[in-house]
Amino acid sequence: MPIFSNADTSETGAQQMLLDTQAIITILLDIPNLGRHTSTASYTKFVTREMSKAKALLKILLQIHIVHCYQSEHQWNFSAF
């Protein structure tokens, strides 16, 4: 499931996914070593570049959630007037 389609992702969930991306980066960069090959600079650059896109998206999702929570907490109630 794409992360950007999940509108109900909580702040904690987004933070955890952000941490998980670092673990995924580590695993992806270690894959060439499993086959007893050295990773090339282009492979490292590719993994870093592509995963930075996911990290940026998660950071935006996290900020949107924080702003939404702030607005919900500080919403004026005009129904009493």
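We use all heavy atoms of the structure for the numbers below, so side chains are in, but hydrogens, waters and symmetry mates are not.
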Looking at [atom1] of [X] and [atom2] of [Y], how far apart are the two atoms once the value is rounded to the nearest 0.5 Å?
X: Leu28; Y: Phe46; atom1: CG; atom2: CZ; value: 9.5 Å
X: Gln15; Y: Asp20; atom1: CD; atom2: CG; value: 12.0 Å
X: Ser52; Y: Glu50; atom1: OG; atom2: CD; value: 7.5 Å

Practice task
Answer with yes or no whether the hydrophobic clustering places Leu58 together with Ile24; edges join I, L, V, M, F, W, Y residues whose side-chain heavy atoms lie under 4.5 Å apart.
Solution key: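 Unlinked, Leu58 and Ile24 end up in two clusters.
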
Practice task
Check whether Met51 and Ile31 end up in the same hydrophobic cluster, where Ile, Leu, Val, Met, Phe, Trp and Tyr are linked by side-chain heavy atoms less than 4.5 Å apart.
Solution key: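 Yes, same cluster.
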
Problem - Any Ile25 side-chain heavy atom under 4.5 Å of Lys55 side chain - result: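 When only atoms from C-beta onward are counted, Lys55 and Ile25 do touch, with a gap below 4.5 Å.
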
Practice task
Would you mind reporting whether Thr48 and Thr44 have side-chain heavy atoms less than 4.5 Å apart?
Solution key: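 Yes - at least one pair of side-chain heavy atoms lies under 4.5 Å apart.
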
Exercise for the section: Output yes when a side-chain donor or acceptor of Tyr43 lies under 3.5 Å from a complementary backbone atom of Thr38, and no otherwise. Expected result: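 No; zero donor-acceptor contacts below 3.5 Å.
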
